[in-house]
Amino acid sequence: MVEDTRLIELKGISKSFGTTQVLKNIDLYIRRKEFVTLLGPSGCGKTTMLRIIGGFETQDEGKLIFDGKDLSGVPPYKRRVNTVFQKYALFTHMNVYDNVAFGLKLKKPEELLSGVSNPTRKQVKEEINRRVTRMLKLVKMDAYAKRSVDSLSGGQQQRIAIARALVNEPEVLLLDEPLGALDLKLRREMQLELKTMQQQLGITFIYVTHDQEEALTMSDTIVVMNGGEIQQIGDGKSIYDEPKNAFVANFIGDSNILDAVMVQDYEVFAAGRSFECVDEGFAPNEPVDMVVRPEDIMIVGEDVGMLPGEVKSVLFKGVHYEMFVEAAGFNWKVHSTSMYPVGSRVGLSVVPSNIHIMHKMKEQTAPAAEESK
Ligand code: ATP
């Protein structure tokens, strides 16, 4: 269970490399035992943010607070965090057990066995064995303890890398696209396993990915980033259902995004007609983005729909069909379990609560759909 205490706080963090500002005044807090995902397209600054938290990079401005204390100048090995990178970086000349035990063997005996005065070698060995065995069981690799890491598959090696990071009992685990090199099936399995482990151990996870499905599957909280700025913070459902702007709407899930004008409260004008919506509080005739999810558009008879149109393409996607329907000069992406062949004349309808109105973004533009996936 996520606790209601702030473990990490980033306050006004900015960072530039040369003339490029990659983080712009970031404010964020992370609670104890929270699974937080930093999600955004390549180059948005998420890895840099993780590296600042880990101590591998220093911010130009702002403060990083850990458990109430300023971490400025504290080197990585003195922070109560551990990192798992995309490349496993295991010691290939050691077997699985020794890879996981490595960090523990470097610890002072009294650190390893706090509360035991003058621990004996035997006690130390037993403690290391207890912890390594527990971690190998947790990542389901206990049967492989004596194997050389070279003989393992990519997924198994990543499990060992995770066990090696967790065995030191960090308060926070930083994970930078740790499943990026795995195939889709294994990736999905590992996502569920990581989430289970995080809950069992009660450790705070900060996870970096550009994969929205991965973020939705695992996170308590998703931080959507673009161009060095936070776009939205929230749980997966609220970000999916109530994206704050067109960037988020396009990055998380599919969207139809139309240039529109908010005529007055509850009335928006787009694609040559007025639509009833549930939004209010915009300036009269304010230019806005109107966002409609493909699964929220109903295909009905041409004469009963809000917009008459023609099916231009059909793709079977496994669970649903994805169709593009040209109507009122816009190519609408529609998801439906029923298939309408190319050339069919159809009507499109959408209920007011499924029309989302957003303020236009000031500087940034929404990414093309291919870039963001
Ligand atoms: P990716 O998923 O591609 O790693 P990201 O969102 O994690 O992207 P960052 O790795 O934080 O983004 O990089 C943000 C920007 O800063 C990029 O343009 C990158 O090239 C640049 N950058 C990162 N580290 C350095 C560095 N040490 N020196 C110079 N530029 C850097």
Side-chain angles (χ1 to χ4, degrees), residues 8 10-28 30 35-64 71-73 75-76 79 81-89 154 158 161 165 172-184 187 190-191 194 205-219 221-234 236 239 243-252 361 363-373:
I8 296 176
L10 284 80
K11 292 186 170 176
I13 296 269
S14 295
K15 175 78 184 170
S16 297
F17 292 111
T19 53
T20 315
Q21 193 174 12
V22 296
L23 290 177
K24 300 172 185 164
N25 198 20
I26 297 286
D27 284 315
L28 174 70
I30 292 161
F35 195 127
V36 176
T37 298
L38 310 179
L39 173 69
S42 183
C44 72
K46 49 196 192 300
T47 295
T48 303
M49 202 151 125
L50 200 75
R51 289 175 60 80
I52 287 175
I53 297 171
F56 305 108
E57 207 76 74
T58 310
Q59 68 272 25
D60 302 330
E61 281 169 50
K63 276 190 177 165
L64 174 69
L71 273 192
S72 309
R79 300 186 180 197
V81 300
N82 246 314
T83 309
V84 179
F85 299 99
Q86 182 173 348
K87 295 241 166 60
Y88 338 112
Q158 193 57 300
V172 179
L173 192 64
L174 308 177
L175 303 107
D176 192 357
E177 306 244 8
L179 310 182
L182 308 182
D183 67 51
L184 189 63
R187 226 180 137 106
M190 290 282 290
Q191 286 168 5
L194 272 178
F205 272 33
I206 309 179
Y207 194 98
V208 160
T209 184
H210 63 274
D211 180 340
Q212 47 120 359
E213 197 185 310
E214 188 158 286
L216 290 170
T217 307
M218 295 194 290
S219 325
T221 304
I222 298 175
V223 179
V224 186
M225 295 181 64
N226 189 33
E229 289 177 312
I230 293 177
Q231 303 292 317
Q232 188 165 356
I233 305 174
I239 286 183
K244 260 194 183 161
N245 57 38
F247 174 83
V248 178
N250 206 25
F251 199 75
I252 310 257
M361 291 190 291
E363 288 154 19
Q364 291 155 358
T365 49
E370 308 79 58
E371 268 177 56
S372 65
K373 298 286 141 63

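One-based numbering, in listed order, for ligands and for the atoms of each.
Annotation: the span from K24 atom NZ to E61 atom CD amounts to 13.5 Å, rounded to 0.5 Å. For the atom pair CG (L23) and CZ (R51), the distance works out to 12.0 Å, reported to the nearest 0.5 Å. The structure places CZ of F17 at 4.0 Å from CD of E57, a figure rounded to the nearest 0.5 Å. Atom OH of residue Y207 and atom CG of residue L38 lie 11.5 Å apart, to the nearest 0.5 angstrom.
Listed by atom number, the atoms of ligand 1 under 4.0 Å from C44 heavy atoms are 5 (P), 6 (O), 12 (O). Remark: ligand 1 atoms within the under-4.0 Å shell around heavy atoms of P41 are 6 (O).
In this structure, the side chain of K15 engages the main chain of T58 through a donor-acceptor pair within 3.5 Å.
When the salt bridge (charged side-chain N to carboxylate O under 4.0 Å, His left out) test is applied to R187, the partners found at least two apart in sequence or on another chain are D211, E214.
The protein does not reach atom 18 (O) of ligand 1 closely, with no heavy atom under 4.0 angstrom from it. Per-atom contact check: atom 23 (C) of ligand 1 touches the protein, criterion being a heavy-atom distance below 4.0 Å.
Annotation: atom 4 (O) of ligand 1 to nearest protein heavy atom, T47 OG1, 3.6 Å. Annotation: atom 13 (O) of ligand 1 to nearest protein heavy atom, T48 OG1, 3.8 Å. With respect to atom 3 (O) of ligand 1, the closest heavy atom belonging to the protein is S42 OG, 2.5 Å. Counting only heavy atoms of the protein, atom 15 (C) of ligand 1 lies nearest to V22 CG1, 3.2 Å. Nearest to atom 21 (C) of ligand 1 among the protein's heavy atoms is F17 CD1, 3.9 Å.
Closest heavy-atom contact between Q232 and V248: OE1-CG1, 3.4 Å.
Nearest to atom 8 (O) of ligand 1 by heavy atom, out of G43, G228, G45, is G43. Ranked by closest heavy atom to atom 2 (O) of ligand 1, the top entry among K15, K46, H210 is K46.
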Please determine whether side-chain contact (heavy atoms from CB on, under 4.5 Å) holds for the pair S16 and V22, giving the CA-CA distance in whole Å, both sets of side-chain angles, and the decisive distance to 0.1 Å.
CA-CA 5 Å; S16 297; V22 296; over 6 Å; no

